[in-house]
Every structure is written in structure tokens, then in C-alpha cells.
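To start, the structure under review is shown below, and the notes come after it.
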Amino acid sequence: MSIQFKQTDSVWHVLLDGEQVLTIEVPAGCTDSFEPIGDNAFYWHRRTDKPVTAMRLTMKANYIPRYFQVPSVNYNGNGWGSGAQYYGYGDKDQPWTYAWHRVAIPACTYTESDKYAVALFGEEKGGMSCSVYPEGDQIVQELIWPEVEGPKVLFKRLWKDPYQGTMEPTDSFTGIVMLDHAGKPRQKMNDLLDFAWKLNYREVEMCYTPERVKQLDLLYIRSMWHQRANGLTGFLNGVNWDEEMNGWKKYPIAFEIGWCGQNAAQACAMLDLYLETGDEDAKHKAITVLDSWDKYAFLPCGLMYTKLLCPPDHLDSIMNGTIPTNLDTCNLGTGATYFFRAAKLCKQAGIDRPSYEKRAFGLCDFFVKAQQESGEFAKTYFLDGSIDSPHGSVASFVIPPLFDAYELSGDKKYLDCAIKGLEFYLGEFAKGGCTTAGALDSNCIDKESGAPLIRATMRAYEVTKEQKYLDAAVELGYYLATWQWHYSIDFPADSLLGQHKVDSYGSTSVSAAHNALDHYGIYYIPEYLKLAELTGNDIWRQRARAIWYNGIQMISDGTLVVRGRVRPAGSQDESFRHTRWCRTDNRMYTPCEWCTVWQGTFRHVVQQEMDNWDVLR
């Protein structure tokens with residue numbers, strides 16, 4: 001493969017193996033040069049005769065794409081879901097422009113036709129924006145200085161006016177271009193992710209040992225145990241600052257079995273602690289929570305309430321908005337997974353709770369009966385087991401416990417159901433290149449729905465040893481990598497993220513609608529480590545380690561002070577506003593200051609699955 005550059009007057013023609021792919025028009029007063037980076041990439045340098053305060057590096061490819069992506073922001077136009085997000089190439093015939101820090105690779109756009117794949121992105125130091133849009137029978141990809149966003153800017157569930165930045169005069173601009181033959185759909189996107197990772201890769205230094213992380217996480221989980229006056233017991237979601245009491249307040253919403261609440265996994269964490277240390281209080285907290293869910297949550301159809309605020313037969317004092325009206329498969333699958341695990345831990349501890357395993361099998365029996373002929377499960381069900389919302393990859397959360405049910409019982413109906421469901425969701429993923437509906441507070445393309453799917457796919461490989469499942473897991477691993485930050489954002493020095501030296505490197509964005517960084521990538525650290533072992537590609541280990549590095553930042557040891565407020569030990573912000581995406585308060589480059597417990601629960605699960613923690617050091 002060979003990239004060639006030919007100049008005609010003020011136009012550069014970029015050829016791949018003798019065929020023209022890109023056209024670059026050089027403005028008056030500018031000189032362009034190209035510096036190879038390996039076989040299929042190059043630096044694109046532009047120098048101006050005198051310093052300027054605005055510049056566009058614009059290249060045009062001779063095709064209309066079959067696929068395009070702005071990593072973590074726009075997946076081929078975001079054609080799935082609803083709500084405020086970046087749809088298509090632009091708004092009212094005006095192309096979207098995206099700030100460099102909004103995108104998982106700095107200011108990156110990727111396009112591919114049946115013949116060619118082209119990526120353009122900026123250097124880690126940032127300062128630019130990007131855009132991609134069709135123009136006649138060509139596709140245009142641009143880097144834009146100074147930073148701009150428009151024609152309107154995505155905030156959380158609302159739009160804001162366009163942003164126009166400024167810059168000091170400069171005479172030097174650089175972009176990075178990757179150019180290759182396209183091959184299979186989205187295959188070169190995988191190559192781009194590897195290339196961008198290697199380009200900005202660095203060794204990371206952990207701020208805590210894994211032993212200290214575990215200690216702080218268990219402390220915080222334990223502190224969230226709560227028993228209501230009506231006797232219902234669970235773990236609260238976290239704490240936020242209460243201005244009236246001038247202190248941290250435990251969030252008084254319903255207990256939740258999975259997703260943000262993670263009650264079942266937290267009870268298992270307390271059982272782990274009991275088995276390791278004999279801590280009777282940890283055992284008490286675990287069993288009282290599990291018993292509450294066992295007693296109150298399960299329904300005649302085999303499903304369970306995913307949230308509990310009071311015993312379901314005493315709802316008179318509860319306002320309607322807090323009573324669950326549908327049951328989501330993220331919570332249902334998580335509930336089944338950790339009721340199986342709780343049953344196993346109770347047996348090890350000599351605690352008589354056969355109902356826990358029965359409840360998990362009951363959920364799996366429902367999934368077997370409710371599965372569509374296509375293999376699909378519903379996204380959400382009504383309380384009687386009928387379908388509420390039928391579609392969304394998030395339903396793959398029910399597949400891992402089906403593998404558990406098969407391994408525990410030997411009953412092939414569970415394996416058949418798991419494989420049939422997996423084949424459906426992998427088929428969906430192969431067609432669209434994305435997963436959907438996992439972030440329950442939005443309805444769009446996202447990262448969270450890819451997490452259970454890669455776990456289910458690895459389980460299928462472990463059970464069947466079929467290569468196609470390992471291959472599919474690799475593809476899912478790359479998809480999840482499109483949400484991972486490949487660089488460090490230089491946050492403003494006077495911002496909270498700048499003051500606390502928060503590093504974006506290794507973090508993961510939430511969804512196409514929610515352009516914020518959170519710690520959900522911790523969930524699939526075990527899968528990344530398995531991919532490293534099975535494929536021999538060390539980048540998976542590097543990515544896993546970077547996720548952990550990022551995911552333990554700003555865990556309070558009891559002395560962390562943010563905005564004059566001492567954080568409780570073990571607490572950590574759920575997410576970070578790393579870009580121009582926030583609420584109506586317009587607070588940017590800040591932690592969210594909602595200190596949830598789910599991320600510490602995920603960290604505990606990861607550590608419990610690992611025999612050796614060296615990669616976390």
C-alpha cells in the first residue's frame with residue numbers, strides 16, 4: 001500500500017495505490033506539507049505566511065460514505081432512539097461542528113465508502129473543532145480553528161446557542177490523516193482506534209493501591225445500608241450536598257436492584273467481606289437487604305420490581321410517580337445475576353437461603369418463555385409480564401444469567417435461550433455497528449448496552465469454544481473503545497477539573513445524548529483483560545488499565561475537599577462534565593457532585609474476579 005501526494009497549482013491530490021481519494025485546496029498565503037506516520041497515515045502540516053486567528057484544514061473525498069462516525073458523539077447520524085442528540089450531518093442544512101474535547105479522539109471524524117476509509121483528527125493539545133458533511137458527490141472532513149460548536153450546542157436534554165472561541169495569532173496548524181482501503185464495514189475504524197491509542201499512549205501511575213480501593217469501596221457501600229420505617233431495607237444510591245442542612249445527604253429515592261442502585265451486587269460485596277473477615281455486621285447488612293428484595297420484589301409472572309420504596313401492598317402513602325410501572329431488562333438481568341451469586345456465597349457461608357437461587361431461576365424461566373421467535377427480549381416489561389418497550393440491545397443483560405442457569409442446572413433450555421438471544425443482538429450489532437438503550441435515563445446509541453453484550457459473548461466463547469464468538473467479542477471491544485478517551489484534556493486551570501488535576505485519559509463517555517465521562521467502563525475490564533490474553537494484543541490490557549486508572553480518580557479517603565466540602569470516605573462523583581455539555585446551570589469542566597456507589601460496586605466485582613491485581617497497580 002502506498003500513499004502519494006501530487007500538487008496542481010494550489011490543490012493537493014492524495015492518492016492511494018495510484019487512485020485519487022482526497023483533494024486539498026490550499027488557501028492563498030499558506031503552504032502545506034505531509035509527513036508519513038507508518039504506511040497508511042500522515043501528519044498534515046500547514047504554515048501561513050503571517051500569523052492568523054482562524055484556519056480550516058479541509059479535505060474532500062470522492063465519495064458519499066456508507067458509514068461515518070464522530071467517536072462517542074455521532075454514529076452514522078444517530079438514527080436510533082429519541083431525544084436531544086446530534087442527528088445526521090447537521091441541523092437545517094448547517095453542518096455540525098464539534099469541539100475537540102467532546103470527541104473520544106481529538107476532533108476526530110471517520111468516513112468510509114465501499115473502497116476507501118478516511119480519518120482526520122487533531123493533536124492532543126487540542127484547540128480545534130471538527131466537522132463532517134456531504135457536498136455534492138463528495139464528503140468533506142475538516143479541522144477548524146479556533147474552537148467552535150454549532151449551529152447549536154448539545155447540553156443535557158436541551159440545546160444552547162452556538163459557541164465561537166478565539167485564539168492568539170499563529171502560523172502553524174497540524175492535522176493527522178489515516179487513509180486506507182475500506183475492506184469490511186467499519187473494519188478500518190478498528191485500525192484507527194489502535195493507531196490513535198498507540199499515538200498518544202502513556203504509562204499511567206495509580207493514585208491508590210487496589211487494596212486501598214477495595215477498602216474504601218466496601219466502606220462506602222456499607223455506609224449506604226438503610227432501613228426504612230416500613231421495614232424495607234436496601235442500599236441507597238449515594239449522597240449529594242444539601243444546602244439546607246449544609247452537609248452530605250443520602251439520596252432518599254427508591255432502592256434499585258441494578259443499574260444505578262446495584263443493591264444485589266452490593267449485598268454480595270458484603271457477603272464477600274463476611275467470608276473474608278468474619279465481619280458479622282457485613283453479613284447482617286447483606287442478608288437484610290437480600291431478604292427484603294426476596295420478600296417484597298417478586299411478582300407472580302416471575303419478574304420482579306426493579307425499584308422498591310415501600311412494601312408493594314402498602315402504596316397509599318407513596319406518590320404515583322415513584323411506583324414502578326415497567327420493569328427494565330438492565331435491572332432484571334442484573335438481579336438474576338447477583339441472586340445466583342448471593343445463593344452461592346450463602347452456601348459457602350453456611351447461610352440457609354435456598355429462595356435466592358429459586359428467584360434467579362424464576363427470572364430465567366420468564367426470559368425463556370418471553371423470548372421472541374427472533375431471539376429478541378423486550379427492553380421493558382409491564383408488571384404482568386407483557387411487553388412494554390420491545391427494542392434495545394440493553395436486553396442482552398438477561399443473557400449472562402441464562403448461562404449461569406445452564407451451568408448450575410445442566411438444562412439445555414437455558415443455553416439455547418442464551419445463544420438464540422446472543423445471535424439476535426450480535427446480528428443487530430453487525431448490521432448497525434452500535435448498541436442501544438443501556439443508559440436508562442436516555443434512549444439512544446450508547447456504551448452501557450455494549451457492556452453486557454461483550455460479557456455474554458465471552459461467556460458463549462467459554463462455553464462453546466466457537467471462534468466466531470471470540471471474533472465478535474473483539475468487534476464489541478473496539479465498539480466500546482470508540483467511547484474511550486485516547487488523550488488528556490487540558491482543563492482550564494480555574495475549573496474544578498483543572499484544580500483537582502483530573503485526567504480524561506482512559507475514561508469513557510456515556511451515550512450519544514449524554515456527552516459526559518463516567519466510570520461505567522470498569523464493568524468490562526475483565527473482558528478487555530481476557531481479550532488481551534486470548535488475542536495476544538496488549539492494547540486491550542492497556543485500555544483496561546487506563547479505565548481503572550481513570551476510574552479511581554477523586555475517590556475520597558475522607559480528607560478530600562471539593563468546593564470547601566469534605567467528601568465522605570469512599571465517595572466519588574458519578575460523572576465529569578469534560579466538555580460543553582451541562583445542565584441549565586452552565587457549569588462546565590466540573591465533577592457532577594452526585595456521589596454514587598455503583599462505580600465502587602463495579603470495582604469490587606472486578607477485583608473479586610481477578611486472582612492477581614498487578615495490572616491494577
Side-chain angles (χ1 to χ4, degrees), residues 3 5-14 22-37 41-61 70 90 94-103 105-109 118-133 135 138-153 160-179 196 199-200 485-495 497-498 504 578-580 588-589:
I3 297 176
F5 305 92
K6 294 184 178 180
Q7 188 174 16
T8 305
D9 298 325
S10 62
V11 178
W12 280 100
H13 306 278
V14 184
L22 300 174
T23 301
I24 297 171
E25 296 185 15
V26 185
C30 299
T31 302
D32 285 11
S33 62
F34 308 97
E35 177 188 351
I37 316 171
F42 56 90
Y43 288 109
W44 172 9
H45 300 296
R46 176 167 293 171
R47 299 292 182 266
T48 59
D49 294 345
K50 59 182 180 179
V52 296
T53 57
M55 180 55 66
R56 285 178 179 255
L57 295 186
T58 302
M59 64 184 194
K60 300 179 181 181
V70 181
Q94 296 185 62
W96 297 120
T97 53
Y98 311 92
W100 62 285
H101 42 75
R102 190 180 291 269
V103 188
I105 299 169
C108 178
T109 58
V118 179
L120 172 65
F121 61 99
E123 295 180 294
E124 183 172 19
K125 64 183 180 181
M128 77 294 289
S129 295
C130 64
S131 189
V132 55
Y133 55 93
E135 186 178 88
Q138 295 181 310
I139 189 72
V140 179
Q141 292 171 253
E142 292 184 312
L143 293 177
I144 305 164
W145 287 265
E147 183 182 321
V148 295
E149 288 203 290
K152 54 185 180 180
V153 181
K160 286 283 190 173
D161 292 338
Y163 171 80
Q164 177 64 60
T166 60
M167 60 183 282
E168 293 296 319
T170 186
D171 61 359
S172 177
F173 303 89
T174 297
I176 301 163
V177 180
M178 193 186 85
L179 172 61
L199 195 65
N200 292 329
W485 252 241
H486 290 61
Y487 62 102
S488 298
I489 299 171
D490 185 14
F491 294 112
D494 60 350
S495 70
L497 296 184
S504 61
H578 68 290
T579 191
R580 199 168 287 104
M588 304 173 197
Y589 314 122

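When reading the values below, keep in mind they use all heavy atoms of this one structure, side chains included, and skip hydrogens, waters and symmetry mates.
Annotation for P95 and P151: closest pair O-CD, 3.5 Å, computed over non-hydrogen atoms. Between I105 and A196, the shortest heavy-atom distance links the atoms CD1-CB, 3.7 Å. Between M128 and G122, the shortest heavy-atom distance links the atoms CE-CA, 3.9 Å. Summarising the geometry of V153 relative to D161, their closest heavy-atom pair is CG2-O, 3.4 Å, with the distance given to 0.1 Å. In this structure, C30 and M55 approach most closely via the heavy-atom pair SG-CE, 3.8 Å. Of all non-hydrogen atoms in Y589 and R580, the two that sit nearest each other are OH-NH2, 3.8 Å.
No donor-acceptor contact under 3.5 angstrom links the side chains of R47 and T31, judged on distance only. Side-chain N/O atoms of H45 and T174 include a donor and acceptor closer than 3.5 Å. E142 and S131 share no donor-acceptor pair across their side chains, judged by distance under 3.5 Å alone. In this model, a donor atom of one side chain and an acceptor atom of the other lie less than 3.5 Å apart for H101 and T579.
For the pair V52 and W145, the minimum side-chain heavy-atom distance is 4.5 Å or more. Taking the side chain as every heavy atom from C-beta outward, K152 and K160 never approach each other to under 4.5 Å. The shortest side-chain heavy-atom distance between P51 and T170 does not fall under the 4.5 Å cut-off. In this structure, T53 and T166 have side chains that are not in contact, with every pair of non-hydrogen atoms separated by 4.5 Å or more. Between F34 and I24, the closest side-chain pair of non-hydrogen atoms falls below 4.5 Å.
A donor-acceptor pair is defined here as one N or O able to donate and one able to accept, closer than 3.5 Å; no such pair exists between the side chain of T23 and the backbone of H13. In this structure a side-chain-to-backbone donor-acceptor pair under 3.5 Å is present from E124 to S488. Checking side-chain atoms of S504 against main-chain N and O of Y487 turns up a donor-acceptor pair under 3.5 Å. One N or O on the side chain of Q7 and one on the backbone of D9 form a donor-acceptor pair closer than 3.5 Å. Although no hydrogens or angles enter the test, the distance criterion places no donor-acceptor pair under 3.5 Å between the side chain of E147 and the main chain of S129. Although no hydrogens or angles enter the test, the distance criterion places no donor-acceptor pair under 3.5 Å between the side chain of R46 and the main chain of P27. Side chain of E149 to main chain of A99: a donor-acceptor pair is present (N/O by atom type, distance under 3.5 Å, no hydrogens or angles). Using a distance-only test at 3.5 Å, with no hydrogens or angles considered, a donor-acceptor pair links the side chain of S495 to the main chain of G498.
A distance of 4.5 Å separates CG in D171 from OG1 in T48, rounded to the nearest 0.5 Å. For the atom pair OG1 of T97 and CG of L143, the computed distance is 12.5 Å after rounding to the nearest 0.5 Å. Atom CZ of F121 is separated from atom NE2 of H486 by 9.0 Å, given to the nearest 0.5 angstrom. Atoms OG1 and CD, from T58 and E25 in turn, are 8.5 Å apart once rounded to the nearest 0.5 Å. Annotation: the span from L497 atom CG to D490 atom CG amounts to 11.5 Å, rounded to 0.5 Å.
Outside the 6.0 Å centre-distance limit, the rings of F173 and W44 are not counted as a close aromatic pair.
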May I have the step-by-step check of side-chain contact (heavy atoms from CB on, under 4.5 Å) for I176 and L120, ending in yes or no? CA-CA 6 Å; I176 301 163; L120 172 65; over 6 Å; no
side-chain contact (heavy atoms from CB on, under 4.5 Å) between Y133 and W96, intermediate numbers included: CA-CA 8 Å; Y133 55 93; W96 297 120; over 6 Å; no
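Between F5 and W12, the ring planes lie perpendicular to each other; the angle is over 60°, past the 30° to 60° tilted range.
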